[in-house]
Amino acid sequence: MGIKVSKFGGSSLADAAQFQKVKQILLSDGDRRIVVPSAPGKRSAADTKVTDLLYECNRLAGQGKDITPAFEKIRERYHGIAQELGLSVDLDAHLDEVKKNICLGAGADYAASRGEYLNGILLADYLGWDFIDAKDGIFFDEEGHLDSDKTNSVLGALLRGHEYAVVPGFYGCDSHGNVKTFSRGGSDISGAIVARAIDADVYENWTDVSGCLMADPRIVRNPVPIRYVTYRELRELSYMGASVLHEDAIFPVRIAGIPTNIRNTNKPEEPGTIIGYEAEDHESKYMITGIAGHKDFAIIAVEKAMMNAELGFGRRVLQALEEEGVSFEHMPSGIDTMSVVVHESAIEGKKERLIQRIHELCSPDSVEIHSGLALIATVGRGMVRSKGTSARLFNALMKAGINVRLIDQGSSELNIIVGVDNLDFENAVRAIYRAFVINETENRW
Ligand code: ASP
């Protein structure tokens with residue numbers, strides 16, 4: 001028998017009807033033995049997440065205000081679920097303790113973590129599974145980083161002692177024994193950590209979309225879903241803004257060689273997206289895997305004749321950035337030019353100083369900052385072996401009348417990044433999608 005760790009996001013557990021779907025999914029596959037819940041999320045666009053209500057209670061408590069009105073909203077949410085599902089757990093005893101501790105100043109991490117904790121207690125009761133407090137198995141070190149070794153061994157042993165268990169997401173235990181949360185959306189990370197600790201066959205991440213799409217649906221109409229993507233490809237796509245998973249949720253499962261399967265709680269019949277380690281067995285009918293991009297980058301263009309022969313030139317340019325606390329994104333460079341791509345927000349209010357400092361350190365012929373750049377990454381493991389990818393890409397942009405201001409192909413040949421004017425961004429994404437996905441389908445059928 002295999003083991004699947006199934007993490008359910010906030011919208012998947014927002015009310016009793018969603019809990020019922022989750023139970024059905026879990027019971028339909030005996031390998032689904034460990035479940036990692038988020039806190040109840042939004043039931044509609046206007047709703048508030050329980051985590052946000054808890055942060056609010058903590059804020060009010062910090063100001064010495066009465067948290068009762070805010071806390072009652074939380075009580076209502078959990079009671080609504082428990083009553084509809086006919087649960088017998090003594091919810092008020094748990095809620096009263098949480099309220100008391102928040103008022104006593106237990107802190108933001110404790111308060112926020114209770115969303116997952118209480119949902120875990122409800123879910124365990126509903127399923128008849130064991131409840132494992134994440135505080136007993138997920139550990140942070142003195143610097144606040146995840147202590148992977150300790151977590152793996154303690155959590156692994158803990159999990160092995162239970163056949164079916166619920167482990168709440170989003171938090172663990174700091175080096176002083178207090179509750180500590182991950183950053184927002186961190187239940188994804190908990191799920192990955194649990195999957196690694198129990199050496200799961202697959203980490204299922206259940207959410208409200210059927211996996212990753214080949215392009216942003218706000219730009220391209222009905223983009224094709226991605227069936228299989230490698231962890232490396234996903235890293236490139238998420239860096240460029242395609243967000244499905246918390247970034248830090250990739251590492252634990254990636255190093256353990258465990259695939260992640262993104263699934264839709266509301267459409268469990270759909271296979272979703274598999275994020276895997278190996279690419280060989282997963283031929284796609286498209287040359288590319290996905291397109292993602294971002295607006296608002298800037299290029300710092302430094303020019304100097306004979307730059308290529310000057311020792312330490314690049315280091316000094318980067319030193320100027322480092323002194324100003326600016327981290328750079330890409331560095332496509334020529335013989336006598338060096339371009340450093342940065343987020344526009346990273347150099348806000350620092351442009352003059354940066355230019356001056358680069359002049360002082362490097363004595364270049366010119367330094368210019370060009371703003372309003374959008375970067376688009378066309379990502380695909382299939383590009384490594386195919387000829388003509390860039391021809392097709394640039395042809396598409398040319399036909400759409402788009403001027404390419406920057407080109408950067410990673411040495412892995414996993415992606416081609418182009419920089420275009422912010423104003424051309426959406427059209428460029430559509431043109432690339434058309435060339436690689438729509439026309440590909442037309443050619444074949
Ligand atoms: N409930 C937490 C949040 O809203 C963590 C999570 O849902 O993953 O950020």
Side-chain angles (χ1 to χ4, degrees), residues 214-216 218-220 232-244 247 288-303 307 314-334 336-359 362 364 366-380 383 390 393-394 396-398 400-433:
M214 287 190 79
D216 186 336
R218 290 166 301 185
I219 302 175
V220 168
R232 284 179 71 196
E233 288 173 312
L234 188 74
R235 162 87 183 113
E236 305 278 351
L237 288 168
S238 26
Y239 165 77
M240 277 296 178
S243 68
V244 260
E247 269 217 328
I288 65 165
T289 303
I291 306 160
H294 239 318
K295 286 184 182 176
D296 298 329
F297 288 92
I299 310 179
I300 306 172
V302 189
E303 233 183 289
M307 172 201 290
R315 183 183 52 75
R316 287 194 293 277
V317 172
L318 296 182
Q319 182 187 332
L321 269 81
E322 194 176 343
E323 285 175 4
E324 290 300 325
V326 176
S327 77
F328 75 94
E329 308 299 321
H330 303 271
M331 215 169 47
S333 298
D336 288 339
T337 57
M338 182 168 159
S339 311
V340 187
V341 179
V342 293
H343 273 289
E344 212 140 87
S345 58
I347 54 168
E348 192 106 352
K350 298 178 175 174
K351 289 184 188 168
E352 298 305 316
R353 270 204 315 280
L354 262 175
I355 292 178
Q356 189 193 333
R357 194 65 186 130
I358 294 174
H359 273 293
C362 314
S366 72
V367 184
E368 280 170 17
I369 298 185
H370 307 283
S371 299
L373 182 79
L375 294 185
I376 302 166
T378 304
V379 177
M383 287 166 20
S390 2
L393 177 76
F394 293 112
L397 293 173
M398 181 197 73
I402 292 164
N403 177 35
V404 177
R405 289 172 53 188
L406 171 150
I407 303 167
D408 191 2
Q409 177 169 25
S411 51
S412 62
E413 282 189 68
L414 202 63
N415 68 9
I416 300 175
I417 293 173
V418 293
V420 301
D421 218 273
N422 268 345
L423 291 172
D424 288 329
F425 175 64
E426 284 83 2
N427 279 339
V429 171
R430 283 184 210 113
I432 299 171
Y433 185 82

Mind listing the closest non-hydrogen atom pair of Ala431 and Ala396 along with its distance?
O-CB, 3.7 Å
Is the shortest side-chain heavy-atom distance between Val220 and Met214 below 4.5 Å?
no
Under the ring-ring contact (aromatic ring centres under 6.0 Å, His included) test, residues paired with His343 that sit two or more places apart
Phe297
How far apart are the closest heavy atoms of Val302 and Pro364, and which atoms are they?
CG1-CB, 3.7 Å
Output a table of donor-acceptor pairs, distance under 3.5 Å, between side-chain atoms of residues 417-425 and any protein atom two or more places apart or on a different chain; print 'none' if there are none.
| from | atom 1 | to | atom 2 | distance (Å) |
| --- | --- | --- | --- | --- |
| Asp421 | OD2 | Arg405 | NH1 | 3.3 |
| Asn422 | OD1 | Asp296 | N | 3.1 |
| Asn422 | ND2 | Asp296 | OD1 | 3.0 |

Nearest 0.5 Å please: distance from the CG atom of Leu234 over to the CZ atom of Arg232.
12.5 Å
Please report the interatomic distance CG(Leu414) to OG1(Thr378), rounded to the nearest 0.5 Å.
11.5 Å
Taken in chain and number order and not counting sequence neighbours, the residues that satisfy salt bridge (charged side-chain N to carboxylate O under 4.0 Å, His left out) with Asp408 are none
Could you report the tightest heavy-atom contact between Ile369 and Ala298, atom names first, then the distance?
CG2-CB, 4.3 Å
Taking all heavy atoms of His330 and all of Pro332, pick out the closest pair and write down the distance.
C-CD, 3.7 Å
Mind listing the closest non-hydrogen atom pair of Lys351 and Ser371 along with its distance?
NZ-OG, 3.5 Å
Suppose we screen for side-chain contact (heavy atoms from CB on, under 4.5 Å). Which residues come up paired with Arg357, at least two apart in sequence or across chains?
Gln319, Ala320, Glu323, Glu360, Leu361
Between Ile300 and Ile358, does a side chain to side chain contact (heavy atoms under 4.5 Å, CB included) hold up when you go through it step by step?
CA-CA 10 Å; Ile300 306 172; Ile358 294 174; 4.0 Å; yes
Please determine whether side chain to side chain contact (heavy atoms under 4.5 Å, CB included) holds for the pair Val429 and Asp216, giving the CA-CA distance in whole Å, both sets of side-chain angles, and the decisive distance to 0.1 Å.
CA-CA 9 Å; Val429 171; Asp216 186 336; 6.0 Å; no
Can you tell me how far OG of Ser390 sits from CD1 of Ile416, rounded to the nearest 0.5 angstrom?
4.0 Å
The side-chain contact (heavy atoms from CB on, under 4.5 Å) partner of Phe394 among Ile432, Ile402, Val404 is Val404
Not counting sequence neighbours, which residues clear side chain to side chain donor-acceptor pair (under 3.5 Å) with Arg315? List them please.
none
Glu303: what forms a side chain to side chain donor-acceptor pair (under 3.5 Å) with it, not counting sequence neighbours?
none
Which value, rounded to the nearest 0.5 Å, describes the distance between Leu393 atom CG and Ile288 atom CD1?
8.5 Å
Enumerate the residue pairs fulfilling salt bridge (Lys or Arg N to Asp or Glu O under 4.0 Å) with a member in residues 368-379, sequence neighbours excluded, ordered by first and then second residue.
none
With sequence neighbours left out, what residues match Met331 under side-chain contact (heavy atoms from CB on, under 4.5 Å)?
Leu318, Phe328, Ser333, Met338, Val340
Between CD of Glu233 and OG1 of Thr289, what distance do you get to the nearest 0.5 Å?
3.5 Å
Between Ala428 and Leu397, which heavy-atom pair has the shortest distance, and what is it?
CB-CD2, 3.7 Å
Quick one: list whatever passes side chain to side chain donor-acceptor pair (under 3.5 Å) with Arg430, sequence neighbours left out.
Asn427
Under 3.5 Å, is there a donor-acceptor pair between the side chain of Glu344 and the main chain of Gly372?
yes
Mind checking what makes salt bridge (charged side-chain N to carboxylate O under 4.0 Å, His left out) contact with Glu322, not counting sequence neighbours?
none
By salt bridge (charged side-chain N to carboxylate O under 4.0 Å, His left out), Glu426 pairs with (sequence neighbours left out) Lys295
Pick from His294, Glu247, Glu329: which one makes a side chain to side chain donor-acceptor pair (under 3.5 Å) with Tyr239?
Glu329
Could you work out, with side chain to side chain donor-acceptor pair (under 3.5 Å) as the rule, every residue matching Glu236, not counting sequence neighbours?
Asn415
